[in-house]
Amino acid sequence: MSSEPGGPARGGHALRIAVLTAIVTLVALPLVIWVLGPNMPPGKATDVAKAQVDSNTVMLVLMTPITAFILVYLGYVLVVFRTRDDKETREGAPIRGNMRLQVIWLVVTTAAVLFLAIYGSAVLLSTTGAGGGQGPKPLSKPSSVALPVQVIAQQWEFTYRYPTYGGVETAQLEIPVDRQIAFHVTSLDAIHSFWAYQLGVKADANPGVDNVAFVKPKTVRTFSIRCAELCGLWHGYMFDTGRVVTDSAFATWIAQQRTIFREVTRELPPYAKYYNPQPPGRAG
Ligand SMILES: [Cu+2]
């Protein structure tokens, strides 16, 4: 064991770094779990949004000791191993072929990745369903019956169709609070993406595809909707504000929409999982 002039033996450095890492981790962990974690995006307005906040917190907790080690190590070498004699600047000994370091690195990173894969799969397959689009046959389904709402994207707006309310198609999105919702996301032209940030929902909107995403809103509130897939000239203009409302407010609103759009609804094609409109300029 060699020793640096004016410092401890090599094992002494490792011990110091380990102790400092442990101290920084112990100080940071409560802050991560109780302060930073609960304030992570996208907030807790829905069941799937809350699950995303929890998952972000778990990943942050897992990252905390690793980040603490990296920062402590960086700080330690900057202070302790900095050469004081600028005439004697030289590179340190390489650590290639250090079996112990390699094994520790492989074990730690493999364990972290495997844990996240198993944890992620378990959360995804729990009873809440998933706010990400799962395609036409979702693997992760909620246990309760869902209210279907079709999201139809086109250049450059979203419209919303309610198959259980006479197939009315509305310009605004309203959903009732504390009800399981099944979004059926599709597109009439280019590829788009339905991103309802505060709901924790983001689902690709592709022509010819019925992309299903589940959500259960917990509070009455507004939420922002944006297209999250570059879809042409006015992509940046493709936004909307949705509303989570009480059951009775929803009943009133949807009845109004059915009255307002009665004539339009008659002209619409019957409700389908997706639509394939004729391209413009072609005979029908
Ligand atoms: Cu778009």
Side-chain angles (χ1 to χ4, degrees), residues 41-43 45-49 51-52 56 124 129-140 146-165 167-176 181-217 221-245 253-254 257 260-261 264-265 267-282 284:
T46 69
D47 57 346
V48 291
Q52 289 162 30
N56 284 340
L124 195 64
Q134 299 184 77
K137 291 195 180 76
L139 274 179
S140 169
L147 168 70
V149 179
Q150 188 172 47
V151 177
I152 305 170
Q154 61 184 302
Q155 288 167 323
W156 285 277
E157 62 174 349
F158 292 105
T159 53
Y160 313 93
R161 207 164 175 190
Y162 294 80
T164 48
Y165 292 91
V168 61
E169 185 171 344
T170 64
Q172 270 87 41
L173 177 58
E174 284 204 14
I175 47 177
I181 311 290
F183 286 121
H184 291 262
V185 184
T186 191
S187 165
L188 299 183
D189 43 43
I191 56 170
H192 303 268
S193 179
F194 172 67
W195 180 27
Y197 174 77
Q198 290 88 349
L199 299 189
V201 170
K202 191 192 244 179
D204 288 337
N206 292 336
V209 177
D210 169 39
N211 194 12
V212 182
F214 294 103
V215 71
K216 192 174 191 179
R221 60 167 301 143
T222 59
F223 54 93
S224 62
I225 299 163
R226 290 191 173 273
C227 180
E229 184 70 58
L230 186 56
C231 60
L233 185 60
W234 297 110
H235 163 67
Y237 178 77
M238 203 167 156
F239 62 87
D240 230 338
T241 301
R243 283 193 179 82
V244 178
V245 296
W253 176 80
I254 197 74
Q257 300 295 304
I260 294 166
F261 291 113
V264 180
T265 308
E267 299 297 320
L268 288 178
Y271 176 82
K273 297 285 185 190
Y274 51 84
Y275 311 91
N276 286 319
Q278 286 290 323
R282 257 188 232 180

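Note that ligands are numbered from 1 as they come in the structure, with each ligand's atoms numbered from 1 the same way. Position 1 is the first residue of the sequence, and the numbers go up from there.
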Measuring from T46:OG1 to Q52:CD, what's the distance to the nearest 0.5 Å?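 Going from the OG1 atom of T46 to the CD atom of Q52 covers 7.0 Å.
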
Show the nearest heavy-atom pair for residues [X] and [Y], with the distance to one decimal.
X	Y	answer
K273	D210	CD-OD2, 3.3 Å
A213	A203	CB-CB, 4.2 Å
F158	R226	CE1-C, 4.1 Å

Ignoring water, what protein N, O or S atoms are under 2.8 Å from the Cu ion (ligand 1)?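 Result, waters dropped: H192 ND1, C227 SG, C231 SG, M238 SD.
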
Applying side-chain contact (heavy atoms from CB on, under 4.5 Å), can you list everything that pairs with P176, at least two apart in sequence or on another chain?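 Scan of P176 (side-chain contact (heavy atoms from CB on, under 4.5 Å), adjacent residues dropped) gives L147, R179, I181, D247, F250.
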
Would you kindly say whether Q154 and Y275 are connected by a side-chain donor-acceptor distance under 3.5 Å?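 The answer is no; no qualifying pair exists.
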
